[in-house]
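The structure appears below as structure tokens.
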Amino acid sequence: MNKLLTVGLLLLVAGTSQAKDQRENCNQKASSAASDERSQIIEACIRRNASVTNMPPMLARMSQCNREAGEMSGENRVRFVNTCLQRPD
């Protein structure tokens, strides 16, 4: 689930003009690192730069539901997140 959220955030950030600056900034921060370490640095950097205010509504909702799910795991987490996503705002 976290990988899915990370991919969603990466796609979100990849689609905006502000994102280009963020990507360049994150690339500079990771310039001295090697492959896997570089990817981790860039992912962490992008996650720090993403905020709910610049996310599409569905991604913001998913992020909120994931935070509410906390330490739940497995089927309980899936059921909770699905119910959370279906709640009216």
Side-chain angles (χ1 to χ4, degrees):
M1 185 68 98
N2 286 338
K3 280 286 188 195
L4 179 62
L5 185 56
T6 301
V7 170
L9 288 173
L10 291 173
L11 290 173
L12 167 70
V13 172
T16 65
S17 60
Q18 180 185 11
K20 183 178 181 192
D21 295 335
Q22 288 178 355
R23 280 193 316 271
E24 289 173 0
N25 182 26
C26 292
N27 275 326
Q28 287 175 353
K29 289 180 181 181
S31 64
S32 63
S35 63
D36 286 342
E37 182 184 5
R38 178 180 172 78
S39 295
Q40 291 172 350
I41 292 170
I42 291 173
E43 282 182 27
C45 178
I46 289 173
R47 268 188 254 123
R48 276 192 306 273
N49 291 330
S51 70
V52 173
T53 58
N54 66 3
M55 287 184 189
M58 187 61 191
L59 189 54
R61 181 66 171 214
M62 178 68 126
S63 182
Q64 176 64 34
C65 291
N66 276 319
R67 280 192 300 277
E68 288 179 24
E71 297 296 318
M72 290 181 187
S73 63
E75 282 298 313
N76 287 337
R77 183 182 186 89
V78 171
R79 270 188 252 117
F80 177 83
V81 171
N82 284 338
T83 303
C84 178
L85 290 171
Q86 293 172 2
R87 288 190 308 223
D89 289 337

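What's counted below: heavy atoms across the whole structure, side chains too, no hydrogens, waters or symmetry copies.
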Notebook entry, point to check: Could you give the distance from OG (Ser32) to CD (Glu37), rounded to the nearest 0.5 Å?
Noted result: 7.0 Å
Item checked: Listed partners of Asn82 passing side chain to side chain donor-acceptor pair (under 3.5 Å), at least two apart -> none
Note to self: Can you list everything that forms a side chain to side chain contact (heavy atoms under 4.5 Å, CB included) with Gln64? Sequence neighbours excluded, please.
What the structure shows: Arg67, Glu68
Next item on the list: Check side chain to side chain contact (heavy atoms under 4.5 Å, CB included) between Arg38 and all other residues, then give those that pass, not counting sequence neighbours.
Entry: Asn27, Ala30, Ala33, Ile42
Item checked: Closest non-hydrogen atom pair between Pro88 and Arg61, with its separation -> O-NH2, 4.0 Å
Next item on the list: Might you point out which heavy atoms bring Lys29 and Cys45 nearest each other, and give the distance in Å?
Entry: CD-SG, 4.1 Å
Margin query: Keeping Ser63 on the side-chain end and Ala60 on the backbone end, is there a donor-acceptor pair under 3.5 Å?
Written below: no
Item checked: Arg79 (side chain) donor-acceptor with Gly74 (main chain) under 3.5 angstrom -> no
Next item on the list: Could you give me the CA-CA distance, side-chain angles and deciding distance for Val78 and Met72, then say whether side chain to side chain contact (heavy atoms under 4.5 Å, CB included) is met?
Entry: CA-CA 9 Å; Val78 171; Met72 290 181 187; over 6 Å; no
